[in-house]
Number of protein chains: 2
Amino acid sequence: MHVQRLEAYMGTSEDYERRHHRKQSTAVTSHDVALAAGVSQATVARTFSSPDLVASETKARVLEAAERLAYIPNAMARTLKSQRSRIVGVVVPSEGEYYQHVLTELTAQLSAAGEQLLLFTFSGTDDIDDVIASVLSYQVDGVMVASSAINVQQIQRIVSSGVPVVSFNQPAATGLSPSVVADNAAGMEKLAEYLVDTGHRSVIFIGGVAAAPTDQERYQSAVRTLSDHDVLCRYFEAGAYTYRAGLNAAAHLIEEPRLPDAVMVAADEIALGVIDGLRAKGISVPGDLSVTGFDGLPQAEWLAYDLTTVSLPITEMVKHTVDLLGPDTPESDEIVVPGTLRKGTTVKTRNDERV
Amino acid sequence: MHVQRLEAYMGTSEDYERRHHRKQSTAVTSHDVALAAGVSQATVARTFSSPDLVASETKARVLEAAERLAYIPNAMARTLKSQRSRIVGVVVPSEGEYYQHVLTELTAQLSAAGEQLLLFTFSGTDDIDDVIASVLSYQVDGVMVASSAINVQQIQRIVSSGVPVVSFNQPAATGLSPSVVADNAAGMEKLAEYLVDTGHRSVIFIGGVAAAPTDQERYQSAVRTLSDHDVLCRYFEAGAYTYRAGLNAAAHLIEEPRLPDAVMVAADEIALGVIDGLRAKGISVPGDLSVTGFDGLPQAEWLAYDLTTVSLPITEMVKHTVDLLGPDTPESDEIVVPGTLRKGTTVKTRNDERV
DNA sequence: TTGTAAGCGTTATCAC
DNA sequence: GTGATAACGCTTACAA
């Protein structure tokens with residue numbers, strides 16, 4: 001190696017690497033562009049962060065040099081200085097069609113707003129505290145937490161770190177942080193009334209996880225509405241918000257001495273499993289038994305199911321979330337979004353009976 | 001945040017922050033912790049980045065102070081200095097069950113490897129070049145691109161920036177960057193042979209987007225295998241990799257003067273739409289017409305469909321991807337992963353005929 | 001309008 | 001083992 005001798009006239013080896021675009025630290029910086037364009041580093045930085053402050057002729061020279069060197073500003077350095085990362089942290093469960101759906105919408109809306117999305121998922125066994133520390137370490141501009149597996153203390157921790165948090169579908173977080181929630185009670189009420197109107201007199205409610213606030217809101221609303229019409233409604237826990245849990249729940253259901261008229265399921269994904277489980281055992285839905293869901297997943301509309309459910313306006317809910325994460329987040333605010341009744345063909349109506 | 005010291009001549013910390021238009025940043029730094037623990041800032045940094053170099057007694061003092069102040073190291077500053085962000089950029093289409101599925105798996109595996117995932121999605125109209133610039137600006141440790149909507153030049157751009165790229169399911173990227181692809185040809189061959197074995201003599205292939213390399217590989221393999229057995233196979237383009245596109249394709253299909261024996265669909269999600277579309281028109285699957293898919297989505301196993309398809313081992317494919325993004329990425333490497341034939345009940349077998 | 005220079009909060013290289 | 005002290009690449013007063 002002749003490194004020492006080379007350095008004498010080439011500068012440090014780092015300089016050498018940079019000039020020759022060697023692999024590893026090919027990193028072109030605003031400094032390099034400045035050199036090439038014959039301006040100061042500050043001017044280069046300005047043409048990218050506040051172009052209005054730069055004379056258009058200078059700007060052109062800088063942009064030309066930047067283009068030529070394939071310069072891309074370093075977002076980490078920007079973040080460090082400006083305290084703004086343009087990254088939103090998102091904490092969601094790793095499972096579940098519903099969150100997949102929310103995530104799709106969120107990415108689209110965030111990128112339209114010029115924010116990126118740093119994704120954190122967790123499954124049952126993961127330590128959510130670690131996840132939170134990790135999110136915060138990345139200096140995110142905001143955090144959206146979407147799962148009731150995250151508890152109030154954990155949300156409190158994010159809040160007290162000074163980072164804007166929005167909780168999504170977490171009734172329990174109300175008051176702590178701004179939140180966007182579906183109107184579970186109103187939705188279930190519509191559904192229950194529809195069942196009563198169509199002549200259903202006995203109902204079993206299949207929940208996902210009994211401890212989840214969402215589950216409780218939905219169940220209690222169903223019970224309340226049905227009991228107003230003297231219809232009893234028992235609770236059965238599927239154990240998870242998954243298709244498979246629904247399949248299992250259906251297997252248990254058919255062991256009942258007497259089937260109810262209808263099954264109200266806490267979430268669409270479970271409901272689809274319930275339907276398939278019932279049909280596999282020769283029980284006709286809705287012929288022998290009506291089934292309803294909740295959420296309004298795309299799959300619920302698939303013709304094989306055509307589920308009667310409450311459709312939540314995901315786009316609108318995500319829009320509110322993104323707004324709340326924006327520049328002036330309120331200390332605390334609860335946005336309750338109503339769902340709409342979707343009448344599919346999994347509930348037996350009087351018309352069906354006549355047939 | 002050395003507010004305490006400044007207060008003597010600057011007024012309260014609130015005054016200071018107001019004058020400087022700072023928001024209430026509770027930002028606790030390693031410096032604050034050092035002050036509290038009576039050590040130097042360097043020692044604090046060390047106890048977090050290389051704990052072995054710190055005496056255990058000192059370490060304990062530092063950790064106690066850090067805990068008390070709720071200190072979380074700033075990942076952006078770490079990145080700036082260490083040139084390692086622990087972030088992987090992921091570029092995927094915003095639509096499609098398949099990519100959702102891949103994403104779920106990827107997040108899980110990356111976080112197990114201590115990497116975070118910065119998500120970039122795009123839909124048809126978005127400018128992918130912008131997306132790429134954005135990814136690169138975040139100093140990601142690697143990029144996974146998963147869509148054939150991204151072209152060779154764009155991958156080349158990432159490669160030449162020096163960031164490790166792995167392309168996922170992009171046959172066209174072979175040679176440019178390491179890639180992980182499904183063995184489309186072998187998979188379709190198995191499927192086609194299964195159809196021939198079960199007595200199918202005429203086939204229509206429904207693709208998603210004809211221009212997609214994946215589509216072409218799958219179609220060509222089907223044609224090749226079928227023609228070896230003197231079975232003709234026409235191509236029909238659904239237009240997108242969606243359920244809805246499948247539904248539409250089915251509508252076109254039934255206008256054919258004569259239905260084929262089987263429909264081979266390029267992707268499961270489309271196939272589910274095709275099945276529902278056919279059944280809605282009173283055509284029995286597999287009674288009147290067999291249908292196959294490709295991918296092995298969870299939904300394909302839902303009992304309402306129980307699709308005959310090729311299951312791709314997503315977990316394994318993602319594992320390879322994560323490995324390739326790891327410390328020593330090869331310049332270029334192609335990992336071809338075989339799928340397995342999943343025999344569902346959407347193909348009419350000889351047994352069915354006997355019934 | 002542009003340049004100078006002081007950080008942002010770490011990591012890394014030295015001495016001690 | 002620990003403490004100074006440079007960077008890392010940018011933003012942002014302040015000066016010119």
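Chain letters run A, B, ... following the sequence lines, proteins first, then strands; residues in each count from 1.
In this structure, A:A42 reaches the bases: a heavy-atom distance under 4.0 Å links it to at least one base atom across the strands shown. Among the heavy atoms of the strands lying under 4.0 Å from A:S40 is at least one base atom, whether or not backbone atoms are also near. Across all strands shown, B:T58 has heavy atoms under 4.0 Å from sugar-phosphate atoms exclusively, and none from any base. As judged by a 4.0 angstrom heavy-atom cut-off over every strand, B:Y71 is placed among residues touching the sugar-phosphate backbone only.
Taking a 6.0 Å sphere around CD of A:E95, one finds it holds 12 or fewer heavy atoms contributed by other residues, nucleotides or ligands.
No donor-acceptor distance shorter than 3.5 angstrom exists from the side chain of A:S134 to the backbone of A:D130, with no hydrogens or angles considered. The closest donor-acceptor contact from the side chain of B:T58 to the backbone of B:V54 lies at 3.5 Å or more, if one exists at all. Here the side chain of B:Q154 pairs a donor or acceptor atom with the backbone of B:N151 at under 3.5 angstrom.
Considering only side-chain atoms of B:A77, the nucleotide from D:dG1, C:dT10, D:dC10 that sits closest is C:dT10. With distances taken from any side-chain atom of A:R46 to the nucleotides C:dC8, D:dA13, D:dT11, the minimum falls on D:dA13. Considering only side-chain atoms of B:T29, the nucleotide from D:dT11, D:dG1, C:dT10 that sits closest is C:dT10.
Between A:T79 and B:T43, the residue anchored closer to the 5' end of DNA chain D is B:T43, taking for each the nucleotide with the nearest heavy atom. Residues B:N74 and B:S50 both approach DNA chain C. Their nearest nucleotides, taken by heavy-atom distance, put B:N74 toward the 5′ side. Nucleotides of DNA chain D nearest to A:A45 and B:S56 differ in position, and the one nearer the 5' end is that of B:S56.
Residue A:D52 contributes atom CG, which lies 14 Å from atom P of D:dT11 at whole-angstrom precision. Between the CG atom of B:L80 and the C1' atom of D:dA6 there is a distance of 13 Å, rounded to whole Å. Computed from coordinates, the B:F48 CZ to C:dG9 P distance equals 16 Å when rounded to whole Å. For the pair B:M76 CE and D:dT11 P, the computed distance is 13 Å after rounding to whole Å. Here D:dG9 presents its P atom at 17 Å from OH of B:Y138, a figure rounded to the nearest Å. B:Q41 has its CD atom 14 Å from the C1' atom of C:dG7, to the nearest Å. If you measure from atom NZ of B:K59 to atom P of D:dT2, you get 10 Å, rounded to the nearest angstrom. Spacing between atom CD of B:E57 and atom C1' of D:dT2 amounts to 13 Å, rounded to whole angstrom units.
On a pure distance criterion of 3.5 Å, a polar donor-acceptor pair joins the side chain of B:K81 and the base of D:dA7.
Between B:F48 and B:Y71, the ring planes lie perpendicular to each other; the angle is over 60°, past the 30° to 60° tilted range.
Dashed line: the shortest gap from a side-chain N or O of A:S30 to OP1 or OP2 of D:dG9 is not under 4.0 Å.
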